[in-house]
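The structure appears below as structure tokens.
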Protein chains: 2
Amino acid sequence: MDTATNPDVPNVRLRQAHALHVHFSDTDAIPFPTRTVGRGDALFSTGEPMRSLYTVQSGCFKSITTYPGSDDDSPPHLQVTSFHLPDETLGLDSVCTGHHESDAVALEASVVRIMPVGILEPLCREYAAMQHELLAIMSAEIVRASRLALMLGTMPARERVAAFLLDLSERVDTHETPSEELVLPMTRADIGSYLGLELETVGRMLSKLHREGTIELNGRQVRIVDRAKLALH
Amino acid sequence: MDTATNPDVPNVRLRQAHALHVHFSDTDAIPFPTRTVGRGDALFSTGEPMRSLYTVQSGCFKSITTYPGSDDDSPPHLQVTSFHLPDETLGLDSVCTGHHESDAVALEASVVRIMPVGILEPLCREYAAMQHELLAIMSAEIVRASRLALMLGTMPARERVAAFLLDLSERVDTHETPSEELVLPMTRADIGSYLGLELETVGRMLSKLHREGTIELNGRQVRIVDRAKLALH
DNA sequence: CGGGGGGTTGAGATGTCTCAAGGGGTGTGG
DNA sequence: CCACACCCCTTGAGACATCTCAACCCCCCG
């Protein structure tokens, strides 16, 4: 069942073992409809019945999970659980209950491809490769979420921010080589929520990395100067 | 695609929306082989090729994820990413790469049912309900991992321990009603690793809950006295 | 020109970690 | 049967990282 070698399943494209993002290569040919979402608008919201899976074509999204406050009047916990760049799939957390378990909000004007489940599941039953792809995507998502949990559980703030930058830079690469130049589409608060830090802490760590010469920093513009040092702590 | 109402998919059994654990009800009838694992032994280890999925029949496992240390000589990060009680499924993180991404270690003498993927995938293609179950289980796992990440990112130590106890008590219930009495099969260090805390902190929080009368505590024996108060912080 | 969102930086409060000591089981070998 | 070692757990005290609160800046937009 090795996706790299199994001749029965040639179409799973793992972007990078590291980044753990995949997309449906088979579906590229199928003329699924698209939808445009404005900055700050929700593609879907928690509790809505799931109708489709979505693949980002352009733009960027954040997924927000709500956890009911311990008591009724206390504010519920909120957290950004993932960011979704082009070619990545949204909505996988909803398969188990049939309802979305998170909000998907566009960080900028974005376009998604809509893959209705009514079409997807029969397709999967018919084509082994397709079924395997869907399973692989979901499995990758499990690993991704576990990695995040691990990071939140074990790494200090500085390493979290560094790892975040590295992960992002590897995911935005359109060519084979990761790009050193990136523009963060999200706020410090979004990053902090994702990393389990306060926005001030995120800012401080970015500033520190800047002062040390590991990155260049200008608002949301980041340039990775010393990738090795970034990975090395 | 609502698992509760869709007549095409009657067999998904969600134990509780909260616990987010499911099992293959269809496969109960199939005489899959079993395997016995001794306390402390690994059911599988990171990097091994995946051959099967496993369902716990009796006993308990922990999944350990390894994250390579930032530099080569520093010790790698380790974290317990989940515990697996009877009826729960192990090995789902390996579908994407075809290799196990974690170690599964028995916390006590345990028995698992072995479901070879070579049998499982064709089965899924043939039976819509089966396919849907597998997808639902994996999706549930995504939500579970995201919840864990959320908890690690936002909750203070005390709430983490409380949530852990509640989650466990809901998962061990063999009857309809959650049991107030539970025996923790794992060490404080295991719990701490899972919750992103040090073992001393876990112990202190348990002691504090005990002093407040929220739980009774005697080593690994826990009795939930005031479930409401436990949930309420 | 005023307002609001996003970002930076500082200083004190606080929660968790670290280090350390000691107690209770259990298994093993003398 | 005892002695010892080892593992697990508990508790304390100080160190440290991050959070909290606050002030200020910039920029964009109405």
Side-chain angles (χ1 to χ4, degrees), chain A residues 38-41 60 62 70 75 77-80 105-109 151-165 183-212 215-222 233, chain B residues 38-40 60 62 75 77-80 105-109 151-165 183-212 215-222 233:
Chain A
R39 171 195 165 120
D41 292 344
C60 182
K62 60 177 173 182
S70 27
H77 295 279
L78 286 180
Q79 194 188 23
V80 174
V105 176
L107 294 170
E108 54 192 75
M151 182 165 74
L152 295 180
T154 64
M155 300 193 344
R158 183 209 175 77
E159 297 183 26
R160 295 188 201 183
V161 173
F164 173 75
L165 291 178
V183 178
L184 308 178
M186 68 293 282
T187 68
R188 304 288 195 256
D190 285 331
I191 300 174
S193 173
Y194 177 70
L195 296 177
L197 302 171
E198 294 308 307
L199 64 93
E200 297 96 327
T201 306
V202 174
R204 275 189 253 268
M205 295 306 145
L206 287 173
S207 298
K208 187 184 292 190
L209 290 172
H210 184 202
R211 276 198 304 277
E212 294 170 357
I215 63 172
E216 280 172 28
L217 179 65
N218 187 3
R220 296 191 176 185
Q221 286 253 3
V222 175
H233 247 238
Chain B
R39 172 195 164 118
C60 182
K62 60 177 173 181
H77 296 280
L78 285 181
Q79 193 188 24
V80 175
V105 176
L107 293 170
E108 53 193 74
M151 182 165 74
L152 295 179
T154 64
M155 299 191 348
R158 183 211 175 79
E159 296 183 27
R160 295 188 202 184
V161 173
F164 174 74
L165 291 178
V183 177
L184 307 177
M186 68 293 282
T187 68
R188 304 287 193 257
D190 285 331
I191 300 174
S193 172
Y194 178 69
L195 296 177
L197 302 171
E198 294 307 306
L199 64 93
E200 297 97 327
T201 306
V202 174
R204 274 190 254 268
M205 295 305 145
L206 287 173
S207 298
K208 186 183 292 190
L209 290 171
H210 184 204
R211 276 198 305 277
E212 294 171 357
I215 64 172
E216 281 171 27
L217 179 66
N218 188 2
R220 296 191 177 186
Q221 286 253 3
V222 174
H233 247 237

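Within every chain, numbering begins at 1; the chains are lettered A, B, ... in the order of the sequence lines, protein sequences first and strands thereafter. These values consider heavy atoms only, across backbone and side chains, with no hydrogens, waters or symmetry-generated copies.
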Quiz prompt | Pairs meeting criterion salt bridge (charged side-chain N to carboxylate O under 4.0 Å, His left out) with involvement of residues 187-203 of chain B, two or more places apart | solution = Lys62(B)-Asp190(B)
Quiz prompt | Value in whole Å for how far the P atom of dG6(C) lies from CG of Leu184(A) | solution = 14 Å
Quiz item: What are the two closest non-hydrogen atoms of Arg220(A) and Thr187(A), and how far apart are they?
Solution: NH2-CG2, 3.1 Å
Exercise. Treat primed atoms plus P, OP1 and OP2 as sugar-phosphate and everything else as base, then score nucleotides 6-24 of chain D 5' to 3': B for base contact with protein heavy atoms under 4.0 Å, S for sugar-phosphate contact only, - for none.
Key: --SSBBBB----SSBB---
Quiz item: Rounded to the nearest 0.5 Å, what separation is found between the CG atom of Leu165(A) and the CG atom of Leu209(A)?
Solution: 7.0 Å
Practice problem: Mark yes or no for whether Ser207(B), through its side chain, and Gly203(B), through its backbone, hold a donor-acceptor pair below 3.5 Å. | Solution: yes
Quiz item: Got a sec, which residues hit salt bridge (charged side-chain N to carboxylate O under 4.0 Å, His left out) with Arg39(A), two or more places apart in sequence or on another chain?
Solution: none
Practice problem: Using side chain to side chain contact (heavy atoms under 4.5 Å, CB included) as the criterion, list what pairs up with Ala109(B), not counting sequence neighbours. | Solution: none
Self-check item: From CZ (Arg160(B)) to OG1 (Thr154(B)), nearest 0.5 Å
Solution: 7.5 Å
Exercise. Would you please name every residue forming a salt bridge (charged side-chain N to carboxylate O under 4.0 Å, His left out) with Glu212(B), sequence neighbours left out?
Key: Arg158(B)
Self-check item: For atom CD1 of Ile191(A) and atom P of dG6(C), their distance in whole Å
Solution: 13 Å
Quiz item: In chain order, what residues pass the side chain to side chain contact (heavy atoms under 4.5 Å, CB included) check against Ala106(B), with sequence neighbours excluded?
Solution: Val37(B), Phe61(B), Ser110(B)
Quiz item: How does protein contact run along nucleotides 25-30 of chain D, one letter per nucleotide 5' to 3', with B for base contact, S for sugar-phosphate only, - for none, heavy atoms under 4.0 Å?
Solution: ------
Quiz item: To the nearest 10 degrees, what angle separates the axes at the start and end of the helix from dC1(C)-dG30(D) to dG30(C)-dC1(D), five pairs each?
Solution: 30°
Self-check item: Distance (rounded to the nearest 0.5 Å) between Met205(B) CE and Phe164(B) CZ
Solution: 15.0 Å
